[in-house]
Amino acid sequence: MTVRSAGLLLYRRGAGTDGTKVEVWIAHMGGPFWSRKDARAWSIPKGEYLENEDPLAAARREFAEEMGTAAPDADYFPLGAFRQPSGKVITVFTAEADFAPDEIVSNTFALQWPRGSGTVRNYPEVDDARWTDESVARTKLVNGQLPILDALMDHLAGTRS
């Protein structure tokens, strides 16, 4: 059975002097494994959904759970479904929005840490999120999500419909 996730990749334009710079909203994964990592430790806000669930509704729900703030009201465009190296398939939607939460308050997950210690702690799914320009996002996103960023850039260039 294929594990399915749905996510939102928000973007905004107009930063910089020429008005064409694109920034994307990405999130740093929480928990002890990711705590001291930056490169390849960021993701689009996303989460798993059931087969009979609407992917956009799931993406909006997961965004709210990870950010602590509802996804912005916007016209979301389906970027597509992207198979990850793990085999998981992420269905991604994008929208232009100037999202600016006061703070990030993510839901948490329980994890035994250190492994084998018997001590279970709760960690946030996301411990940071921010706007970053497209070139920086290419160094921060996990490798499997780079095709999602490519699809966004193709969409914005008008080469993807």
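Numbers here simply count residues along the sequence, with the first being 1.
One N or O on the side chain of T94 and one on the backbone of L9 form a donor-acceptor pair closer than 3.5 Å. Without hydrogens or angle criteria, S86 side chain to K88 main chain gives a donor-acceptor distance under 3.5 Å. The backbone N or O of F33 lies less than 3.5 Å from a partner atom in the side chain of K37, making a donor-acceptor pair. Judged purely by atom type and a 3.5 angstrom limit, S106 uses its side chain to pair as donor or acceptor with the backbone of V126.
Within the 4.5 Å cutoff, no side-chain heavy atoms of M29 are placed close to those of E125. No side-chain heavy atom of L10 sits less than 4.5 Å from a side-chain heavy atom of V24. For the pair V92/I44, a side-chain contact is recorded, criterion being any heavy-atom separation below 4.5 Å from C-beta on. Between L111 and R121, the closest side-chain pair of non-hydrogen atoms is not below 4.5 Å. With a 4.5 Å cut-off on side-chain heavy atoms, Y11 and F99 do not count as touching. Counting heavy atoms from C-beta on, the side chains of P45 and E62 never come closer than 4.5 Å. Side-chain contact check for F93 versus T91: some heavy-atom pair is nearer than 4.5 Å. Residues N107 and P124 form no side-chain contact, since every pair of their non-hydrogen atoms from C-beta on lies 4.5 Å or further apart.
A pairwise comparison of heavy atoms in A71 and L8 identifies CB-CD1, 3.6 Å as the closest pair. The shortest heavy-atom contact between Q112 and G118 is CD-N, 3.5 Å. For the pair S117 and P114, the tightest heavy-atom approach, listed with the atom from each and the gap, is OG-O, 2.6 Å. Of all heavy-atom pairs between A41 and H28, the closest is O-CD2, 3.6 Å. The nearest pair of heavy atoms linking A6 to P55 is CB-O, 3.2 Å. Scanning all heavy atoms of the two residues, the minimum distance from P72 to F63 falls at CD-CE2, 4.2 Å.
Pairs passing the side-chain hydrogen bond (donor to acceptor under 3.5 Å, both in side chains) check and including a residue from residues 67-84, sequence neighbours excluded, read R60-D73.
In this structure, a donor-acceptor pair under 3.5 Å is present between the side chains of S43 and Q145.
If you take NZ on K46 and OG on S5, they are separated by 5.0 Å, rounding to the nearest 0.5 Å. Summarising the geometry, atom OG1 belonging to T139 is positioned 6.5 Å from atom CZ belonging to R40; distances are rounded to the nearest 0.5 Å. With rounding to the nearest 0.5 angstrom, the CD atom of E51 is 7.5 Å from the CE atom of M1.
Under the 4.5 Å side-chain heavy-atom criterion for grouping Ile, Leu, Val, Met, Phe, Trp and Tyr, I26 is connected to F82 within one hydrophobic cluster. The cluster map of Ile, Leu, Val, Met, Phe, Trp and Tyr, joined by side-chain heavy atoms under 4.5 Å apart, puts L152 and L146 in the same cluster. Under a hydrophobic clustering in which Ile, Leu, Val, Met, Phe, Trp and Tyr are joined whenever their side-chain heavy atoms come within less than 4.5 Å, directly or via other members, F77 and M153 fall into the same cluster. The hydrophobic clustering, which links ILVMFWY residues whose side-chain heavy atoms are closer than 4.5 Å, places L56 and Y49 apart. A single hydrophobic cluster is seen to contain both L79 and V22, as judged by linkage of ILVMFWY side chains at heavy-atom distances under 4.5 Å, directly or through other members.
Of the charged side-chain nitrogens involved, none lies within less than 4.0 Å of a carboxylate oxygen, so that R138 and D133 do not count as a salt-bridged pair.
For D127, the salt bridge (Lys or Arg N to Asp or Glu O under 4.0 Å) criterion is met by no residue, not counting sequence neighbours.
Put simply, the residue from R13, R130, R12 that forms a salt bridge (charged side-chain N to carboxylate O under 4.0 Å, His left out) with E23 is R12.
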Begin with the C-alpha distance, continue with both residues' side-chain angles, and end with the deciding distance and a verdict on side-chain contact (heavy atoms from CB on, under 4.5 Å) for W34 and W42. CA-CA 9 Å; W34 302 104; W42 294 69; over 6 Å; no

